[in-house]
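As structure tokens, the structure follows; a few thoughts come after it.
In each ligand, atom 1 is the first atom listed, and ligand 1 is the first ligand listed. Fair warning: this is a prediction, and the values are worked out from it, not measured in the lab. Numbers here are sequence positions counted from 1.
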Amino acid sequence: MTMYKNILTEKKEGLVIITINRPDQLNALNKETIAELHDELSRADEDRSVGVIILTGSGEKSFVAGADIKEFADFSIAQGGELAMNGQKTLFTFIEELSTPVIAAVNGFALGGGLELAMAAHIRVASGNARMGLPEVSLGVIPGYGGTQRLTQLVGKGKANEMVFTAGMINAEEALQWGLVNYVVEQGDLINKAEEIAGKILKNSPMAISAAIRAINANFKDGVNGFDVEIEEFGKCFGTDEFKEGTTAFLEKRKANFRS
Ligand code: COA
């Protein structure tokens with residue numbers, strides 16, 4: 001197993017838990033952490049024994065407190081643009097487009113790049129102490145890892161405008177009401193909750209789930225007709241062994257076995 005400096009990986013039955021591990025910096029995302037996450041996420045996505053990836057932060061205080069401000073404080077216009085472009089490509093859009101579902105277990109502060117990371121995941125669960133916000137305008141910059149787009153998609157333009165313009169934080173209950181997270185649980189139950197959702201996902205066809213990710217994402221892509229993508233992905237399912245197994249199992253009144 002590869003040793004990383006800033007992340008920890010735990011493999012369990014059918015899933016991988018990746019923990020961002022810079023607690024003294026509240027798990028802020030520096031360049032090296034982003035590269036390590038890219039590496040480990042690619043590895044997990046290619047591993048056929050992995051059906052769900054859970055992403056969390058170490059400690060009980062912070063999921064990720066943003067991009068590492070210390071690293072970009074003296075950047076030029078060109079470097080700023082590159083930072084956002086590379087980050088989106090290697091981590092944020094990358095996660096959204098993985099063929100394996102990613103669940104963010106938000107265990108505390110999810111600010112700036114931290115909330116953007118959680119929003120790039122397919123599903124979010126938060127602990128009761130979680131605080132979420134996009135405080136970039138307080139630093140004289142805007143969210144650059146997809147925050148202006150994904151927050152608007154998840155909570156609507158009015159609430160996204162308010163969160164971005166005020167640079168304010170919302171608590172876990174508000175995030176639940178806003179639809180920004182799917183569940184709020186006690187800190188000690190957070191990973192269990194994520195694993196419970198993972199367990200339900202793991203019963204289903206990985207091929208069909210990947211196709212569903214592509215079809216759902218198509219709704220948010222400029223110039224792409226999501227209904228057409230759905231038709232294409234739906235049709236392709238019919239040529240797969242997993243479709244045969246799923247339908248045969250139903251007709252034989254047994255549980256489908258997609259992962260043997
Ligand atoms: N980038 C770099 N370092 C960060 C960081 C970030 N985004 N967020 C926290 N840290 C570091 C702090 O600099 C401090 O390091 P130090 O001990 O070397 O000085 C350490 O993490 C602990 O943070 P601290 O601010 O002392 O904790 P706190 O409990 O007083 O406050 C926060 C917690 C989250 C409110 C505060 O850290 C914060 O506002 N962070 C920045 C959030 C942000 O603007 N993110 C968007 C970035 S684009």
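- The environment of CZ in Arg254 is crowded: more than 12 heavy-atom neighbours from other residues, nucleotides or ligands sit within 6.0 Å.
- Taking a cut-off of under 4.0 Å to the non-hydrogen atoms of Asp68, the atoms of ligand 1 that pass are 1 (N), 2 (C).
- Closest heavy-atom approach to atom 45 (N) of ligand 1 among the candidates Gly112, Ala28, Ala65: Ala65.
- By the 4.0 Å heavy-atom criterion, Pro135 is counted among the residues contacting ligand 1.
- Protein heavy atom closest to atom 1 (N) of ligand 1, with residue, atom name and distance, is Ile69 N, 3.0 Å.
- The aromatic rings of Phe94 and His38 are tilted relative to each other, their planes meeting at an angle between 30° and 60°.
- Comparing heavy-atom distances from atom 34 (C) of ligand 1 across Ile142, Val64, Leu111 singles out Leu111 as nearest.
- Within the 4.0 Å cut-off (strictly below), a protein heavy atom is located near atom 27 (O) of ligand 1.
- Side-chain polar atoms of Thr33 and Asn30 form a donor-acceptor pair below 3.5 angstrom.
- Considering OG1 of Thr148 and CG of Asn161, their distance stands at 10.5 Å, rounded to 0.5 Å.
- Within 4.0 Å of atom 17 (O) of ligand 1, not a single protein heavy atom is present.
- The OH atom of Tyr145 sits 11.5 Å away from the OG1 atom of Thr93 when rounded to the nearest 0.5 Å.
- Considering CD of Glu36 and CE of Met3, their distance stands at 10.0 Å, rounded to 0.5 Å.
- Lys61 NZ, 4.8 Å is the protein heavy atom nearest to atom 30 (O) of ligand 1.
- Among all non-hydrogen protein atoms, the one lying nearest atom 36 (C) of ligand 1 is Leu26 CD1, 4.5 Å.
- Using modelled atom types, one finds no donor on one side chain facing an acceptor on the other under 3.5 Å when comparing Ser127 with Asn107.
- The single protein non-hydrogen atom nearest to atom 4 (C) of ligand 1 is Gln25 O, 4.0 Å, given as residue, atom name and distance.
- Under the 4.0 Å criterion applied to side-chain N and carboxylate O atoms, Glu32 and Arg22 are not assigned as salt-bridge partners.
- Around the CD1 atom of Ile77, the shell of radius 6.0 Å holds no more than 12 heavy atoms that belong to other residues, nucleotides or ligands.
- For the salt bridge (charged side-chain N to carboxylate O under 4.0 Å, His left out) condition, the pairs that include at least one residue of residues 164-193, sequence neighbours left out, are Lys193-Glu196.
- Heavy-atom distances between Asp24 and ligand 1 reach below 4.0 Å in at least one pair.
- At the shortest separation from atom 48 (S) of ligand 1 among protein heavy atoms lies Glu136 CG, 3.8 Å.
- When the heavy-atom distances from atom 6 (C) of ligand 1 to Gly66, Ala67, Gly108 are ranked, the shortest goes to Ala67.
- Closer than 4.0 Å to atom 42 (C) of ligand 1 lies at least one heavy atom of the protein.
- Scanning the protein heavy atoms around atom 13 (O) of ligand 1, the nearest turns out to be Lys70 NZ, 2.9 Å.
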